[in-house]
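Reviewing the structure listed below.
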Amino acid sequence: MQENKQVAVNGLIGKKIGMTSIFDDAGRNVACTVIQAGPNVVTQVKTEDSDGYRALQLGFGDKKPKNTTNALKGHFEKSGTAPKHKIAEFRNASIEKNLGDVVSISDVFAEGDIVAAVGISKGKGFQGVVTRHGFGGVGDSTHGQHNRLRAPGSIGASSFPSRVVKGLRMAGQDGNRRVKVKNLKVLKIFPEQDIMLVKGAIPGHKGSLIIIEK
């Protein structure tokens, strides 16, 4: 049986609701993202004695038991919680919580805090070099072509090394990758609804799961 030793937490798992705008104290209209950051449940407490480091694992969003593996069911039963859709681990934090405790948005964040958001960016499918890498395109033709203004141009060398170098910027899958945006300001917090407004845009589509950390 795992002991309920206290370990701190410095972030939350949330869901991107969408974007809106509010007026600040100076009367300026500020674009912001609406995030439902809670409630989060402590699903595991890691200590130096048991794991070699201190950390807190949080769970967010209910998941149907039939869609949960038996291993995860047993993991969630230890904390006395229902299966969660998303779990994440947080280290080096500032507040203390025990196994099975609920972490609310006001426990971690306050208005005016500077935070970072981690999410999966929107997938854009297969894109060319103009969209994917910002090549010149029409009006600013890239090197090595005649009349194909959005083509990549020359991609290799002839005698040496006689091959295309690894990592060359070419067309391919764009988006749909893990992105972290830093230095976002918390403009407003509604603790009753576990809602927070963060200045600017964050990666992901509406309804996507994100991690907000200090």
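These numbers come from a predicted model, not from an experiment.
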What are the two closest heavy atoms between [X] and [Y], and how far apart are they?
X	Y	result
Ala88	Ile211	CB-CD1, 3.8 Å
Thr43	Gly59	CG2-N, 4.0 Å
Met196	Val186	CE-CG2, 3.7 Å
Ser208	Pro203	OG-O, 4.4 Å
Leu184	Ala201	CD2-O, 4.4 Å
Pro191	Ile189	CD-O, 3.4 Å

Distance from [X] atom [atom1] to [Y] atom [atom2], nearest 0.5 Å?
X	Y	atom1	atom2	answer
Phe190	Gln36	CZ	CD	13.5 Å
Thr81	His75	OG1	NE2	8.0 Å
Lys16	Thr33	NZ	OG1	5.5 Å
Asn70	Glu77	CG	CD	9.5 Å
Gln127	Gln173	CD	CD	9.0 Å

Backbone N or O of [Y] within a donor-acceptor pair of the [X] side chain at under 3.5 Å?
X	Y	result
Asn10	Arg91	yes
Thr68	Lys64	yes
Asp101	Asn98	yes
Lys86	Ile13	no
Arg132	Met170	yes
Thr131	Gly128	no
Ser121	Asn176	yes

Is it the case that more than 12 heavy atoms not belonging to [X] sit under 6.0 Å from its [atom1] atom?
X	atom1	answer
Lys73	NZ	yes
Lys63	NZ	yes
Lys15	NZ	no

message: side-chain contact (heavy atoms from CB on, under 4.5 Å), that's the test. Do Asp194 and Ile105 meet it? Break it down for me.
response: CA-CA 6 Å; Asp194 288 313; Ile105 191 171; 3.8 Å; yes
- request: Apply side-chain contact (heavy atoms from CB on, under 4.5 Å) to Asp62 and Lys84, showing your working.
  value: CA-CA 5 Å; Asp62 293 332; Lys84 297 300 177 183; 2.9 Å; yes
task: Applying side-chain contact (heavy atoms from CB on, under 4.5 Å), run through Val129 and Arg169 and close with a yes or a no.
output: CA-CA 7 Å; Val129 292; Arg169 294 182 300 169; 5.8 Å; no
Under a 4.5 Å cut-off applied to non-hydrogen side-chain atoms, are [X] and [Y] in contact?
X	Y	answer
Asp24	Leu187	no
Ile87	Phe76	yes
Val118	Ile210	no

field: Candidate pair Leu58 and Leu12, rule side-chain contact (heavy atoms from CB on, under 4.5 Å), full reasoning
entry: CA-CA 8 Å; Leu58 301 181; Leu12 289 175; 4.0 Å; yes
Under-4.0 Å salt bridge between Lys185 and Asp113: no
